[in-house]
Q: 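Here it is, the structure in full.
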Amino acid sequence: MVQTNQWNAGLYDAKMSFVSEYGKGLVDWLQPTPGESILDVGCGTGDLCAQLSLAGANVAGIDFSAAMIEAARQKYPQFAFEVADAHTYRTDASYDAVFSNAALHWMKRPAEVVETIWLALAPGGRFVAEFGGHGNCGQITKALRTVLARKGISADERSPWYFPSIGAYTILLEKQGFHVVLASHFDRPTVMAGGGLGLSHWLNSFCSPFFAGLSSDEIQQVCTDVTDILRPALFQEGHWVLDYKRIRVLAHKKSAKNTLHGGAA
Ligand code: BEZ
């Protein structure tokens with residue numbers, strides 16, 4: 001499995017806080033209400049759990065990274081956090097909603113994750129997620145492919161990411177029995193903090209699976225070469241603006257009373 005648990009939670013909070021900042025808009029799709037129970041899949045250091053709880057919801061979070069969960073527990077001791085792999089996670093709880101921001105693209109067996117989410121939801125429960133869609137970071141991926149090929153490395157074979165089309169993902173949800181209420185695939189140019197260093201922070205945070213087996217000098221050279229290729233297209237007025245494309249979905253687990261489309265509610 002390519003999913004990484006080698007996260008540096010401090011670096012993530014310091015340099016990658018845009019991940020949860022952008023995720024705040026996703027909370028509007030969920031519209032959490034007081035007293036309901038919500039599971040955050042891929043909760044990272046817990047910032048969006050805190051956001052969800054502002055509405056009075058009871059929030060729990062899971063993440064594959066022990067470092068992220070440790071940081072989340074320190075920041076938000078009031079919530080229940082657990083280290084878990086969403087491909088195989090099972091719970092006795094029955095949640096009113098499952099939420100996930102910027103996590104599902106790290107999970108390369110999506111049908112298993114969709115089943116996990118389905119089983120964690122109560123009948124009538126809703127699933128709201130955002131993650132990378134088809135073509136996400138396409139220019140970065142192309143540059144990585146070019147530079148790593150010079151070393152005989154296939155970036156595609158090493159890619160830790162799942163960036164589906166909207167059609168492919170909604171079909172997975174429907175096969176599981178979900179009713180897909182809303183789905184959107186949109187460009188979201190994403191400005192990195194850190195000025196000229198923004199891309200190198202991003203490469204260091206998100207690209208380690210591509211660099212397996214390389215020395216730190218080689219990794220540095222790869223990052224420099226990738227940066228040189230991308231600068232004309234993605235460095236604008238002192239900031240790196242990355243070519244993000246996102247998918248957002250809202251889907252319902254049909255309740256026993258609402259099985260018009262024949263799903264296994
Ligand atoms: C993100 O979470 O922002 C992300 C992670 C991997 C690839 C692209 C984007």
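Note that ligands are numbered from 1 as they come in the structure, with each ligand's atoms numbered from 1 the same way.
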Q: Which atoms of ligand 1 are found less than 4.0 Å from any heavy atom of Asn136?
A: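 Heavy-atom distances to Asn136 below 4.0 Å select 8 (C), 9 (C).
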
Q: Any N/O of His105 closer than 3.5 Å to an N/O of ligand 1?
A: yes

Q: Could you point out which residue of Lys75, Arg73, Glu70 forms a side chain to side chain donor-acceptor pair (under 3.5 Å) with Thr45?
A: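 That would be Lys75; it is the only one of Lys75, Arg73, Glu70 passing the side chain to side chain donor-acceptor pair (under 3.5 Å) with Thr45.
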
Q: Only heavy atoms of Phe163, strictly under 4.0 Å: list the atoms of ligand 1 that pass.
A: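 Those of ligand 1 that fall under 4.0 Å from Phe163 are 7 (C), 8 (C).
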
Q: Give me the residue, atom name and distance of the protein heavy atom closest to atom 3 (O) of ligand 1.
A: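 Checking every protein heavy atom, the shortest distance to atom 3 (O) of ligand 1 gives Tyr244 OH, 2.7 Å.
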
Q: Does even one non-hydrogen atom of Gly132 get within less than 4.0 Å of ligand 1?
A: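 Under 4.0 Å: no for Gly132.
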
Q: Is it the case that the side chains of Ser37 and Asn58 hold a donor-acceptor pair, with the cut-off being a distance below 3.5 Å and no angle test?
A: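 Asn58 vs Ser37: no donor-acceptor pair found between side chains.
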
Q: At the 4.0 Å heavy-atom cut-off, does Tyr162 count as touching ligand 1?
A: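 It does not; every heavy atom stays at 4.0 Å or beyond.
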
Q: Below 4.0 angstrom from a heavy atom of Cys137, which ligand 1 atoms are there? Numbered from 1 as shown, please.
A: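 Atoms satisfying the 4.0 Å criterion: 8 (C).
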
Q: Asp47 and Gln51: side-chain donor and acceptor closer than 3.5 Å?
A: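 Side-chain D/A pair, Asp47 to Gln51: absent.
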
Q: Just need the protein heavy atom nearest to atom 7 (C) of ligand 1, so name the residue and atom and give the distance.
A: Trp161 CE2, 3.5 Å

Q: Taking heavy atoms and a distance under 4.0 Å, where does Tyr22 meet ligand 1: side chain, backbone, both or neither?
A: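 Near ligand 1, Tyr22 shows nothing, with every heavy atom at 4.0 Å or more.
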
Q: Going by the angle between their ring planes, with limits at 30° and 60°, are Phe178 and Trp118 parallel, tilted or perpendicular?
A: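 Taking Trp118 first and then Phe178, their aromatic rings stand perpendicular (interplane angle over 60°).
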
Q: Are Arg188 and Tyr22 in a cation-pi contact, defined as NZ or CZ under 6.0 Å from the six-membered ring centre and within 45° of the axis?
A: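 Positive - Arg188 is close enough to the ring of Tyr22 and near enough to its axis.
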
Q: Using a strict threshold of under 4.0 Å (side-chain N to carboxylate O), is an ion pair present between Glu157 and Arg145?
A: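 Looking at Arg145 and Glu157, the cut-off is not met.
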
Q: Between Arg150 and Asp225, does any side-chain N to carboxylate O distance fall below 4.0 Å?
A: yes

